[in-house]
Structures are given as structure tokens and as C-alpha cells.
Amino acid sequence: MVVGSAINPNDVLSSTGKVELLFFGQLKERLKCSKLSLEITQPLSISELKLKLVSQYPHWQPWLEERELLAALNQTMSSSDEIVKAGDELAFFPPVTGG
Amino acid sequence: MVVGSAINPNDVLSSTGKVELLFFGQLKERLKCSKLSLEITQPLSISELKLKLVSQYPHWQPWLEERELLAALNQTMSSSDEIVKAGDELAFFPPVTGG
Amino acid sequence: MSIHIQVQTDDFNVGDEHNTLCSNNKSDGAVVTFTGLVREFSSGDNVIALELEHYPGMTEQLLQSIAEQAQTRWQLARICIIHRVGYLALGEQIVFVGVTSRHRQAAFEGAQFIMDYLKNHATFWKKEHFKDSSNWVEFKQSDKQALGKWEK
Amino acid sequence: MSIHIQVQTDDFNVGDEHNTLCSNNKSDGAVVTFTGLVREFSSGDNVIALELEHYPGMTEQLLQSIAEQAQTRWQLARICIIHRVGYLALGEQIVFVGVTSRHRQAAFEGAQFIMDYLKNHATFWKKEHFKDSSNWVEFKQSDKQALGKWEK
């Protein structure tokens, strides 16, 4: 029996785990990335999470720091001080241009 | 040869002759008349022509004197002081309600 | 620039008119259409049909002039106005206005302008038929007020 | 009241959508539609195609919310919004907005409101393809300004 091994300490803490990142439009093209799982060990604000991303992918800095970049947390438009937790979906994209 | 008889004195004077009258909408229904040729012997303003009509058809008076009644002379919206001449087309109708 | 005006007893097909507005037209990014239909509730009672008459000749001239005014104010490449006359049952189409433009704002405003002017100036008269009676529709003050926004 | 939202790669047929808006609908006298098409001239160069991508899931929610806002402000019985994504050649249809209402003013304003909000808030991104190049379309200030008239 390996029941014990099914209890992942990350699940218990729930603050540690993966955030699903999505990139759209010109940003996606610039980063050459549409999707990414990012491991976090504690809840972070969107701007803290951006810093973490830049520390891992330094060449993304100019694109992630664009003033006009928008963010949606769990498919809702969000400001940079909102808190991202494990299991969340966070998308970054430029201003929309549909219609 | 009857060439002489082709010269109608009305044509020469041009002020004497027929005005084609048209009535539309509720007015037409009230007058029980959609079209009428009216003989005039001299140019008349639209309001003078209305008086002439009323003298011939006294029971039309209430409908022809309706404040909201509109007139179009030769298919152009016209005020009551405009002059009607022989050969003209003059229409009377209530406010329009299309669309 | 093209203007198509039609007063007719026959029904029209919005899909066909839309296709005509769009076909061989690669410079216009916006098409706005308005369709007016015979609707059930008017002044309280249940309308079962409308009867429309017009002033042949004058109506077409007026619609042409309204379309030309719209083209003076907005960049409207194509305008189509179709208005039916005669006896129209509940649910039937009465009027179609379709315009194309490079820009959506112009298309929306142009179509609305045409409808507002048509309602106030085009020589149509409408009679409502109810189950046991009928009466001529009165001119609506709200239609006159609608012109206000274009008079500036 | 009904709202139909669709994001799709397939083309749509305006005539069919118009019929759906009108069928079994005897209380609405006004139908307004907007159709957006790929047009030839954009920023100087000749566009030969557009490429549209979106944020699946979020886009549909946003369009639904825009339609619901429109129904809060105007009496719009039926709303249909269709937006295409993928590669769209010159002249192809991009977006359709159709609304029905008892009154034409509400139908015109409701449709225009939906387009103005869609342009500003719906998660679509557009890339223009030219003969030898392509570039992402920039957000237009004029679209932001268009919202002004609804914020009162």
C-alpha cells in the first residue's frame, strides 16, 4: 500500500503549486510562448509574479514590462496588485483589437 | 381642316385650366375621393384653392381645414401661400406615418 | 457611391439585399441594416395587419433625397432603401434600410438618420387592422423628436 | 429574452441569422444588424487578409456580459453575436451583431453599444497580412472614444 504517498504536501499547503500562464496576440509572438506552467511556493501579486517570470526568462523583460500589457486572472480582467494562488489561470495580452 | 379648333384658349392664357388634386391616407377616406380635376381661371394660392374646393364641396370643410393637413405642389412639400397654376399637381394629406 | 430605392408590394429578402451591399465591395468594412416588421401590440389592441399607401413618384424622390443627404453627411458608399406598400400581415417585413461604409460609426449613424427622416418625411400612410376594426396611425411626436439629434 | 453568442472559424450567413432573429417573434418591430468585413485599405498598405485569435472561454463570457449589459439598458428581446477567428481573406465577414426590439431607437443604440464594447473589451487580437509582410493591429483611440457616449 502506498496511500501515504498520495498525500502531496503541496496539496495540503495549497499555496504551493502551479499557475497556468497564457499569452496572446503580439505578446505570444514576441515571447515565442503561448502557455507555461509556473511553480509558485506562496501567493503572489500579479506584479510579483511578473518579476519572478523575468528572473527565470530575463529576455522577456521588455515585453512583460510594457505599460499597456493587460492581465486576466481566472478569465477576469485584473489589476497588478491582485493575488495569484496555485491552481489559478493567469493570462497576459496587449490591448484587444477585435471586431 | 379643323386646325383652328386645336388652339385651346386655355393653353394660350395658361392661367386657365385644370389642377390635378390628389388626396391620401385618412383624408382620402374621409373625403371618399382620391383624385379630382379642378378647373381654375387664374393662379391661386393653396389656401385660396382650398376655399374654392370648400365652396364646391361644403361637407369637406372640416377635413380641409384641419390644422395638421399637409400640401405638396408638384410633389414638393409646400406652404399654403404658394401659387397653383393650371397644369399643376396638388396633393393634400395628413402627417406621414411610414416605416 | 450608389443608391437603390424601391417601393413595392412584394416582400424582400434581407440576405439577398445584404449580399448586394457587400458584393464587389472591398473598401467597406461596415454594413448596418434596419428592418421594420409588423408587430403585435400597438395602442393596446392586437394588430393583425397593416395597410400602407404612399404617394407614387413623390415617395421615391423623397427617399432618394434622404439617401443623398445621408451621403453628404457620412461616407456611405452604398445605400439601399426598400419600403413595402399594400396589406401586410403580422410579422411581415415593412421596410429595409442598408448602408455600407468604411467605418462602423458612419454606418450606424447613416442608417439611423435615414430611418428617422423616412419616418418624418416620406409620404407613406399606415392603417392598423384589428380583429373587429381598423384605424389610421397617428403621427408620433417621438419620431419628430428623433430628428433633434441630427439638427446640429 | 435570448442571447446567442458564437466564436467560430466558419463563415456565417446574415440572411439565416436575420431569419432566426425574426422567426416566432411577433412583438418586435425593429431589427438592426451590424456586419464587419475585411476591407482593403488600412494603414496605407493593401491588406490581403486578417488573422484573428482570441482567448477561448474568456471571450464568450465577455460577449455574454456585454449582451446582458445591453439588455439592462435597452429593451432588446434577442441578441446574436457571432465573431470569427482564424485566417480571413479580403472581403470576408468578421463579425455579426443582430438585435431585435419593439422600438428602432433601442435597436440602433443597443447594436452600436455592443459593437463599441466588443471593440474595447472582447479578447480578440487581429493581425493584418500584406503582400510581403504582416503586423499586429494597434488598439485604436477612436474605439475608446466611442465608449464616451454610453458613459452618462
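These numbers come from the heavy atoms of this one structure, side chains and all, not from hydrogens, waters or symmetry mates. Chain A is the first sequence line, chain B the second, and so forth, proteins listed ahead of strands; every chain is numbered from 1.
- Within residues 51-64 of chain B, no residue has any heavy atom under 4.5 Å from a heavy atom of chain C.
- Under a 3.5 Å cut-off, the side chain of C/K126 and the backbone N or O of B/G99 do form a donor-acceptor pair.
- Considering all non-hydrogen atoms of both residues, C/N120 and B/V96 come closest at O-CG2, 3.4 Å.
- At a 4.5 Å heavy-atom cutoff, B/L70 makes no contact with chain C through either its backbone or its side chain.
- In this structure, B/A91 and C/Y55 approach most closely via the heavy-atom pair CB-CE1, 3.3 Å.
- Neither the backbone nor the side chain of C/D143 comes within contact range of chain B; no heavy atoms are under 4.5 Å apart.
- Annotation: side chain of C/K127 is not in contact with side chain of B/Q26 (no heavy-atom distance under 4.5 Å).
- Summarising the local packing, CD of C/E138 is surrounded by 12 or fewer heavy atoms from other residues, nucleotides or ligands at distances under 6.0 Å.
- Of the two parts of B/E29, only the side chain, counted from C-beta on, holds a non-hydrogen atom closer than 4.5 Å to a non-hydrogen atom of chain C.
- In this structure, the separation between OG1 on B/T97 and NZ on C/K140 is 9.0 Å, given to the nearest 0.5 Å.
- Two residues are said to be in side-chain contact when any heavy atoms from C-beta on lie closer than 4.5 Å; C/F139 and B/P94 fail this criterion.
- Under a cut-off of 6.0 angstrom, the local environment of NZ in C/K149 is crowded, with over 12 non-hydrogen atoms contributed by other residues, nucleotides or ligands.
- Considering CD of C/E53 and CZ of B/F93, their distance stands at 11.0 Å, rounded to 0.5 Å.
- Looking at C/W136, its side chain never comes within 3.5 Å of a backbone N or O of B/G25 through a donor-acceptor pair.
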